[in-house]
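Following: one structure in structure tokens, then a few remarks.
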Amino acid sequence: MTPQQTSATTDPRLTSPQRAVGTTVFGGTELARHLRTRVTGAAAALTAQGTQPRLAVVVATEDESSAWYVRSIARAAARTGIQCEVVDLGAEAGPWQIRARLAALSADPAVHGIMLQTPLPPGVHFEELASAIAPEKDVDGANPLSLGRLAAGLPAFAPATAAAVLALLDHHDVPLAGHDTVVVGRSNVVGKPVAQLLLQRDATVTVCHRHTKDLAALTRPADVLVVAAGRMGLITADHVKPGAVVVDVGTNPTVDGGLAGDVDAAGVEGRAGGLTPVPGGVGPVTTALLLRHTVRSAARGHDV
Ligand code: NAP
């Protein structure tokens with residue numbers, strides 16, 4: 001592990017919270033590469049035993065950024081030896097049509113992972129439909145049953161993005177047990193499962209959302225701050241304790257066609273102890289973990 005550093009630091013991070021430090025870039029590309037290598041090995045072993053791991057991605061939108069994401073999943077799957085079937089039902093698809101397809105894929109023994117892509121057509125409720133995904137194939141933790149099992153401490157696939165947050169923190173050796181962590185955002189796909197995963201690791205967890213009265217007052221004591229609000233620049237230096245580790249899950253399109261996170265990266269530079277970049281932080285790890293979940297699902301009953 002050789003984290004890029006933006007300035008010289010002995011990486012005191014959580015141990016000296018009041019000291020201003022250089023900010024370590026907690027990139028995700030190296031971790032993603034490592035995960036994909038392991039997935040490739042496991043997929044090859046499974047295929048040699050007659051089970052080619054297969055991921056189905058159900059799409060019911062013409063949204064361009066969604067199409068880009070699905071293409072990137074399909075490319076990554078192909079590179080790791082996982083078959084990726086994109087089931088495009090069109091933006092006019094009704095709830096029953098989507099539900100029926102999810103149920104059919106759940107019953108298909110050749111399919112090991114199922115993902116329901118967002119956005120969905122207006123009036124279609126994501127969680128209602130995702131409940132049609134068999135929990136053992138729910139590789140992106142979309143079925144409410146998966147979130148419930150996660151909350152109960154039972155085995156379940158966490159949403160890949162939430163799992164990626166924890167994987168990045170672990171990869172960069174960020175201690176969690178007994179530390180104060182704050183999650184900004186409470187969606188079922190990111191904020192809530194991240195909070196559950198942090199609780200499982202014995203962190204003290206505070207969850208903030210749009211009705212939180214004084215966001216900075218709550219985020220400032222955090223040793224670890226995870227931001228998943230979808231609001232560009234929401235988190236400034238004023239929200240961050242010196243030395244804190246900040247995970248920026250947000251992906252917001254910029255005017256020049258790029259991507260920016262929820263954290264004002266330039267503003268927190270030199271104040272945060274660690275910061276995940278956007279792009280190149282949580283995103284690549286998310287895709288790699290989606291593939292890992294698919295291989296794990298395919299590996300049930302196999303000796304790999
Ligand atoms: P979401 O469903 O829109 O949820 C956003 C959450 O942030 C909500 O809980 C909302 O509060 C809260 N929030 C919004 N504005 C806030 C503010 N000003 N102060 C405090 N809380 C605020 O979004 P999501 O699906 O969780 O995604 C969040 C971000 O992560 C988006 O930018 C998305 O693109 C990105 N994302 C990235 C990846 C990846 O792989 N890198 C994957 C998934 C999502 P309320 O509940 O009160 O409305």
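Order of appearance sets the numbers: ligands from 1, and atoms from 1 within every ligand.
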Atom 18 (N) of ligand 1 touched by protein (heavy atom, under 4.0 Å): yes

N/O donor-acceptor pair under 3.5 Å between Ser297 side chain and His293 backbone: no

Proximity flag Ala228 to ligand 1, non-hydrogen atoms under 4.0 Å: yes

Closest protein heavy atom (residue, atom, distance) for atom 27 (O) of ligand 1: Val190 CG2, 4.2 Å

Proximity winner for atom 46 (O) of ligand 1, if only heavy atoms of Arg186, Arg210, Lys192 are counted: Arg186

Numbering as shown, the atoms of ligand 1 that approach Val184 to under 4.0 Å (heavy-atom distance): 20 (C), 21 (N)

Polar contact flag, side-chain donor to acceptor under 3.5 angstrom, Ser131-Asn143: no

Closest candidate by heavy atom, reference atom 5 (C) of ligand 1, pool Gly230, Ala229, Pro253: Ala229

Whether Lys137 side chain and Leu105 backbone form a donor-acceptor pair below 3.5 Å: yes

Numbered atoms of ligand 1 (with element) below 4.0 Å of Thr286, judged on heavy atoms: 40 (O)

Numbering as shown, the atoms of ligand 1 that approach Gly283 to under 4.0 Å (heavy-atom distance): 40 (O), 41 (N)

Part of Thr251 with heavy atoms under 4.0 Å of ligand 1, whether side chain, backbone, both or neither: both

Ligand-side contact atoms (ligand 1) for residue partner Leu234, heavy atom cut-off under 4.0 Å: 17 (C), 18 (N), 19 (N)

Test: Asp170 and Arg201 ion pair at under 4.0 Å: yes

Asp264 side chain to Gly233 backbone, donor-acceptor under 3.5 Å: no

Main-chain N/O of Gly261 paired with Asn252 side-chain donor or acceptor, under 3.5 Å: yes

Per atom 20 (C) of ligand 1, closest listed option by heavy atom (Met232, Arg231, His211, His209): His209

Subset of ligand 1 atoms that lie under 4.0 Å from at least one heavy atom of Val189: 25 (O)

Residue and atom name of the nearest protein heavy atom (relative to atom 42 (C) of ligand 1), distance in Å to one decimal: Thr161 OG1, 3.0 Å

Polar proximity ligand 1 side, Ser187 side, N/O cut 3.5 Å exclusive: yes

Cationic N near anionic O, under 4.0 Å, Arg149 to Glu136: no

Contact atoms of ligand 1, heavy-atom distance to Gly185 under 4.0 Å: 6 (C), 7 (O), 9 (O), 12 (C)

Expected output: side-chain Asp180 to main-chain Thr204 donor-acceptor under 3.5 Å: no

Within-shell test, Val249 vs ligand 1, heavy atom, strictly < 4.0 Å: yes

Whether His172 side chain and Val174 backbone form a donor-acceptor pair below 3.5 Å: no

Distance-only donor-acceptor check, side chains Thr236 and His239, under 3.5 Å: yes

